[in-house]
**Q** 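I'd like to ask you about the structure that follows.
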Protein chains: 2
Amino acid sequence: MSIRKTGKVRVRRAPEDARANILAAAEKLLVERGPLALKLADVAAAAGVANATVIHHFGSIDGLHAALMERMVGQLIAEVLALAEKGGPTREDTQEAVFEALFEVFETRGAARLAAWLELTGEWRRVTHIREAIQSVIVRRASFGDVNPQQSLDLVLISVTLAMGAGLFGHALAELVGKPPGHAREVGMEMLRVFHAAQVAK
Amino acid sequence: MSIRKTGKVRVRRAPEDARANILAAAEKLLVERGPLALKLADVAAAAGVANATVIHHFGSIDGLHAALMERMVGQLIAEVLALAEKGGPTREDTQEAVFEALFEVFETRGAARLAAWLELTGEWRRVTHIREAIQSVIVRRASFGDVNPQQSLDLVLISVTLAMGAGLFGHALAELVGKPPGHAREVGMEMLRVFHAAQVAK
DNA sequence: TTTCTTATTGACATTTTTGTCAGTAGAGTC
DNA sequence: GACTCTACTGACAAAAATGTCAATAAGAAA
């Protein structure tokens, strides 16, 4: 009777699958425990592989960070676009869907935490193609037809700012003033509606 | 002719001064280079003391973090209150001053970065007395007389959320859409005014 | 001046985190 | 089955960061 460690033998994945597996684990860690939990050993353990495997696929811990950002930003953009598409038939519905999508992505998913991490570490400025992607999506796609271009840009700018703020601090602040977790989001969307209407009226 | 290293001999400060000196250096690092730059050696170097000195005064790097939070939160609260006091004679002026104060503190000073760091690391939840301090200030002081208590609370909540979002991401986002750095702040304050007015009207 | 307290420090020890490497083992191809 | 390619791994090395300690010295008190 041969003695053999319980559990898996050794999983061998296609390179892309291996990378995806590790990145998924890393993303989960980032969202749940914050950027400081992104240690090589932690990520490897979460992904169920050895430390060396992570290095093998990403070269270094920084390489992993970069790949993770790219992945998350890509998902973020895709998600905003997808949710925004789902807007109803009228213009109001569509715009409502855009607001909804922003909060959904930044608050429910970990996008706000990712963005905060990028901002705090300054890695943000280095990844120019990420900026370009965001730029093209935000500026070109999310425009509002019923206000002038200038107002539209302002509206986009402030929507994203607010959604990010709410995504990052909304829950904590709501709890602080004794409100349910989603309250900041509700008030935020209401304020955006009011502001939008005011701009249309002008 | 005795050989002697150039520069200072050995500075001996009163304990509070020593702590204040180190904390000031740490705060500068945090604001300028982000939380990841808060290494023991970096802080010590920035403060012009030995690593061991930092440990001596704060016990550990975590102790330093905690003390730094306390300091910055204290400053933050004091600053908001001071700026809010400076409001002009009319009620509109005062409320304007509150908005202004929020953006000033969160955007110009590093408060938003501190808050983001706290949120990301989760240290936030541990420091209950900080939460209480914020709570008492935010909830009790910053109330708006011309709307009902419920609306007032919402207004406070959303103001802080927006100010934090703008403080953390405002510059980057503004640059992304080709606007001057202070643009997010301006639009944000405008939106708050509009929203406030809408609530008053209701 | 002498004494005493303790802030300060360099040198060192410990811990944590990252990275290297030679060898192992899946999975396809011959 | 033998061969090849390379994803994968454990063990180890290197680097980075934190923390310890005995000795030093600034400044107040005696």
Side-chain angles (χ1 to χ4, degrees), chain A residues 2-26 29-30 33-69 117 120-123, chain B residues 2-26 29-30 33-69 71 117 120-123 126:
Chain A
S2 77
I3 298 177
R4 158 178 290 251
K5 281 225 192 86
T6 48
K8 57 149 183 283
V9 197
R10 186 194 267 194
V11 183
R12 185 193 174 101
R13 285 173 251 249
E16 302 84 52
D17 292 347
R19 289 173 57 95
N21 172 52
I22 294 169
L23 286 176
L29 270 183
L30 173 65
R33 296 220 243 287
L36 276 67
L38 281 184
K39 308 294 182 191
L40 182 57
D42 294 347
V43 172
V49 298
N51 293 15
T53 304
V54 176
I55 298 292
H56 172 71
H57 284 292
F58 298 98
S60 70
I61 191 70
D62 286 337
L64 175 73
H65 289 170
L68 179 59
M69 287 172 216
W117 183 40
L120 287 178
T121 57
E123 249 163 313
Chain B
S2 76
I3 299 180
R4 158 177 290 253
K5 281 225 191 86
T6 48
K8 55 152 184 283
V9 196
R10 188 194 264 197
V11 183
R12 185 193 176 101
R13 285 172 251 249
E16 303 83 50
D17 293 347
R19 288 173 59 94
N21 172 52
I22 293 169
L23 286 176
L29 268 183
L30 174 65
R33 294 220 241 289
L36 277 67
L38 280 185
K39 307 293 181 192
L40 181 58
D42 294 348
V43 172
V49 300
N51 293 16
T53 304
V54 177
I55 299 292
H56 172 71
H57 284 292
F58 298 97
S60 70
I61 191 70
D62 287 336
L64 175 73
H65 289 169
L68 180 58
M69 287 172 219
R71 173 192 158 100
W117 184 41
L120 285 179
T121 57
E123 250 162 313
R126 277 187 251 147

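In what follows, chains carry the letters A, B, and so on, assigned in the order in which the sequence lines appear, proteins first and then strands, with residues in each chain numbered from 1.
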**Q** Mind listing the side-chain donor-acceptor pairs of residues 16-23 of chain B below 3.5 Å, one per line with the distance, residues two or more places apart or on another chain?
**A**
| from | atom 1 | to | atom 2 | distance (Å) |
| --- | --- | --- | --- | --- |
| B:Arg19 | NH1 | B:His57 | O | 3.0 |
| B:Asn21 | ND2 | B:Ala47 | O | 3.2 |

**Q** Round to the nearest Å and state the distance from B:Asp62 atom CG to C:dT15 atom P.
**A** 16 Å

**Q** Send over the distance from B:Asn21 CG to C:dT8 C1', rounded to a whole Å.
**A** 13 Å

**Q** Treating primed atoms plus P, OP1 and OP2 as sugar-phosphate and everything else as base, which nucleotides of nucleotides 24-30 of chain C get B, S or - for protein heavy atoms under 4.0 Å?
**A** BBB----

**Q** Would you find more than 12 non-hydrogen atoms of other residues, nucleotides or ligands less than 6.0 Å from B:Arg33 atom CZ?
**A** no

**Q** Considering residues at least two apart in sequence or located in another chain, which fulfil the side-chain contact (heavy atoms from CB on, under 4.5 Å) criterion with A:Leu40?
**A** A:Asn51, A:Val54, A:Ile55, A:Ile61

**Q** Rounded to whole Å, please give me the gap between CD1 in B:Ile22 and P in C:dT8.
**A** 7 Å

**Q** Taking atom P of D:dA25 as reference, at what distance in whole Å does atom CZ of B:Arg13 sit?
**A** 18 Å

**Q** Using C1' atoms of five pairs at each end, report the bend of the helix from C:dT1-D:dA30 to C:dC30-D:dG1 rounded to 10 degrees.
**A** 0°

**Q** Would you indicate whether the side-chain heavy atoms of A:Val11 and A:Val49 approach each other to under 4.5 Å?
**A** no

**Q** What residues form a side-chain contact (heavy atoms from CB on, under 4.5 Å) with B:Leu38, not counting sequence neighbours?
**A** B:Ala26, B:Leu29, B:Leu30, B:Val43, B:His65, B:Leu68, B:Trp117

**Q** Whole angstroms only, please: what is the CG-P distance between B:Leu64 and D:dG19?
**A** 10 Å

**Q** So which of residues 51-61 of chain A are in contact with DNA chain D, with a heavy-atom cut-off of under 4.0 Å?
**A** A:Ala52, A:Thr53, A:His56, A:His57

**Q** Would you jot down, in residue-number order, the residues of residues 34-46 of chain B having a non-hydrogen atom under 4.0 Å from DNA chain C?
**A** none

